[in-house]
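Presented below is the structure to which this report refers.
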Amino acid sequence: MSSKIASIEFQVLNAPNETRPHWVSLFKVPSANELLVRVRTSDGVEGFGLATSYTDISPLVKVVKGGIADTIIGMDALAPEQVYQKLFGLTSTRLAAENGWTREALIRISSAVDLACWDIVGKSAGLPLYRLFGGYRNQVPCYVTCAYYRDGKDNVELRDEIEMLVGQGHKGFKGKVGGLDLAQDIARMEIVRDVIGPKADLMIDVNRAWDLKTAIEGARLLEPLQPVWLEEPVRWSDDRRELKLLSQRTTIPLSGGESEITSYGCRAMIEEQAIQILQFDCTMFGGFTEGRKLAALCELNHVDVAPHHDCFIHAPLVASTPAGRIVESFTDPERDPLQAELFENPPKIADGWLTLNEAPGIGLTLSEAAVAKFGTKIDN
């Protein structure tokens with residue numbers, strides 16, 4: 001049985017620039033900056049995938065306009081491993097250099113196409129992917145990311161924000177630190193803990209802002225708040241070694257992985273015993289093909305899976321494995337308009353849990369109105 005790829009459509013999804021952007025410690029977070037890929041097969045099945053970009057998306061557009069689709073038209077969409085290896089393999093070819101295709105752009109596109117192929121696999125089988133991947137459960141815990149830095153935002157506004165999220169029924173909250181001095185950031189997280197209460201989960205995300213000495217002191221000061229994890233606490237330049245050194249100085253579990261660009265980088269983090277929670281992103285590297293391998297590796301190494309970003313895309317993978325711990329959500333439409341509008345049938349999030357859809361494939365139906373609102377088609 002095969003299902004040949006007959007056509008591929010690419011669109012950039014962007015939201016208008018925010019008048020009051022959301023910042024983490026070191027950079028502004030785009031409200032929407034994604035590549036939507038729609039793959040259609042010769043027998044009429046369509047699947048979609050997304051590639052998230054926190055940097056300029058024009059290198060991805062260049063690859064699309066350069067004819068990347070031609071390299072996989074005619075391949076079997078029911079063989080996502082073959083398709084992924086064909087696209088990822090271009091990162092080590094003269095063809096990429098001749099065309100000016102950057103490594104990161106190829107990795108992003110290969111991930112989105114891989115997700116689309118897996119969507120087709122599930123639809124062709126008539127089964128949701130979480131069942132095809134293992135079917136460990138049909139619900140996964142879900143937390144909300146919050147406490148971003150914004151111009152003029154004070155601790156009164158922070159308290160109002162967290163009270164709003166508590167009112168929405170969330171049970172897990174991830175706050176941002178690293179953009180202010182330790183005393184100010186600790187005070188902000190004390191407010192979050194005070195509002196959510198002692199039983200709710202609190203995660204802390206530094207977004208790679210601290211040097212090792214600051215991270216050691218920051219972890220010491222945060223321990224009374226009982227964080228579930230401390231995310232990407234140290235600088236990029238020597239993060240794996242510094243993560244391991246930090247883990248020897250704190251009882252707070254450490255997490256990371258979103259800033260890697262390959263599954264091999266995540267594998268190294270596990271091998272070096274630098275983290276207890278892995279946060280790879282299937283929309284940024286690897287798709288489900290590599291995500292499944294990392295989830296299995298995590299299970300065998302007693303590391304939890306808590307992917308970065310996009311709870312609706314990652315939920316099937318997290319639900320499929322005993323290593324799956326939790327997914328990340330953004331319930332404020334101002335922060336993430338795509339989560340609010342992109343799908344006609346978003347999974348239900350209530351009382352800290354996301355319940356997966358039983359529809360085949362990824363289980364999501366694109367809203368054509370949202371695609372028209374946010375999307376710009378790329379001629380390829």
Side-chain angles (χ1 to χ4, degrees), residues 52 80-81 84-85 88 107 110-111 114-115 118 128-143 145 172 174 201 203-206 208 227-234 239-248 250-329 352-354 356 362:
T52 300
E81 183 81 57
Y84 175 78
Q85 292 299 333
F88 182 79
I107 289 170
S110 67
S111 302
D114 181 80
L115 294 172
W118 277 109
L129 285 179
Y130 85 90
R131 293 192 182 277
L132 282 176
F133 290 165
Y136 184 66
R137 54 182 172 178
N138 70 347
Q139 288 185 312
V140 292
C142 182
Y143 70 88
T145 299
K174 186 169 78 179
D201 287 341
M203 290 72 85
I204 310 291
D205 189 0
V206 189
R208 291 173 139 190
V228 172
W229 72 62
L230 184 60
E231 182 171 333
E232 289 197 323
V234 293
D239 59 346
R240 293 177 195 163
R241 176 62 61 86
E242 290 184 348
L243 279 169
K244 186 168 185 178
L245 293 172
L246 177 60
S247 70
Q248 297 167 355
T250 181
T251 61
I252 304 173
L254 305 182
S255 67
E258 72 178 74
S259 297
E260 299 294 333
I261 66 168
T262 68
S263 54
Y264 303 106
C266 289
R267 179 192 65 187
M269 297 182 81
I270 295 173
E271 289 178 342
E272 294 178 27
Q273 300 178 346
I275 56 171
Q276 291 76 52
I277 300 102
L278 182 62
Q279 296 172 295
F280 59 86
D281 189 330
C282 291
T283 74
M284 296 180 74
F285 61 93
F288 286 141
T289 289
E290 296 299 287
R292 294 174 68 221
K293 297 171 187 177
L294 287 172
L297 192 61
C298 284
E299 182 180 349
L300 294 176
N301 284 275
H302 312 289
V303 171
D304 288 342
V305 172
H308 166 257
H309 197 242
D310 211 322
C311 56
F312 298 152
I313 297 295
H314 286 113
L317 184 60
V318 175
S320 72
T321 169
R325 179 165 183 166
I326 199 167
V327 292
E328 177 177 19
S329 70
W353 288 84
L354 181 151
L356 280 85
I362 296 175

Between [X] and [Y], what is the shortest heavy-atom contact and its length?
X	Y	value
P316	L129	CB-CB, 4.2 Å
C298	L278	SG-CD2, 3.5 Å
A295	T321	CB-CG2, 4.2 Å
P307	I326	CD-O, 3.6 Å
P227	P253	O-CD, 4.4 Å
A319	Y130	CB-CB, 4.2 Å

Would you say [X] and [Y] make side-chain contact, with heavy atoms under 4.5 Å?
X	Y	result
P141	R325	no
F133	R292	yes
F288	I362	yes
L354	L356	yes
C142	V327	yes
L115	I313	yes

Given the rule in the side-chain contact (heavy atoms from CB on, under 4.5 Å) test, do E290 and Y84 qualify, once you have shown the distances and angles that lead to the verdict? CA-CA 9 Å; E290 296 299 287; Y84 175 78; 3.5 Å; yes
Gap between atom [atom2] of [Y] and atom [atom1] of [X] - 0.5 Å precision:
X	Y	atom1	atom2	value
F285	I107	CZ	CD1	9.0 Å
L230	S247	CG	OG	11.5 Å
E258	T52	CD	OG1	11.0 Å
E231	I277	CD	CD1	9.0 Å
D304	I275	CG	CD1	10.0 Å

Tell me whether R137 at atom CZ has more than 12 heavy atoms from other residues, nucleotides or ligands lying less than 6.0 Å away. yes
Plane angle bin for Y264 and F88 - parallel if under 30°, tilted between 30 and 60°, otherwise perpendicular: tilted
Evaluate the side-chain contact (heavy atoms from CB on, under 4.5 Å) criterion for residues W118 and L317: first the C-alpha distance (whole Å), next the side-chain angles of each, then the deciding distance (0.1 Å), finally the verdict. CA-CA 11 Å; W118 277 109; L317 184 60; over 6 Å; no
H314 side-chain N/O to C282 backbone N/O, donor-acceptor pair under 3.5 Å: yes
S320 side chain vs G135 backbone, donor-acceptor pair below 3.5 Å: no
Electrostatic pair E81:K293 at N-O distance under 4.0 angstrom: yes
Working note: M284 + S111, criterion side-chain contact (heavy atoms from CB on, under 4.5 Å); need CA distance, chi angles, decisive distance, verdict. CA-CA 7 Å; M284 296 180 74; S111 302; over 6 Å; no
For a side-chain contact (heavy atoms from CB on, under 4.5 Å) check, start with the C-alpha distance between L246 and L254, then their side-chain angles and the critical distance, and finish with the verdict. CA-CA 9 Å; L246 177 60; L254 305 182; 4.0 Å; yes
Filter on salt bridge (charged side-chain N to carboxylate O under 4.0 Å, His left out), then keep only pairs touching residues 259-268, sequence neighbours left out; what's left? R240-E260, R267-E271
Start with the C-alpha gap between T283 and D310, add the side-chain angles, then the distance that decides, and say whether side chain to side chain donor-acceptor pair (under 3.5 Å) holds. CA-CA 8 Å; T283 74; D310 211 322; 5.6 Å; no
Name the residue from H309, Q279, K174 that meets the side chain to side chain donor-acceptor pair (under 3.5 Å) definition with E328. K174
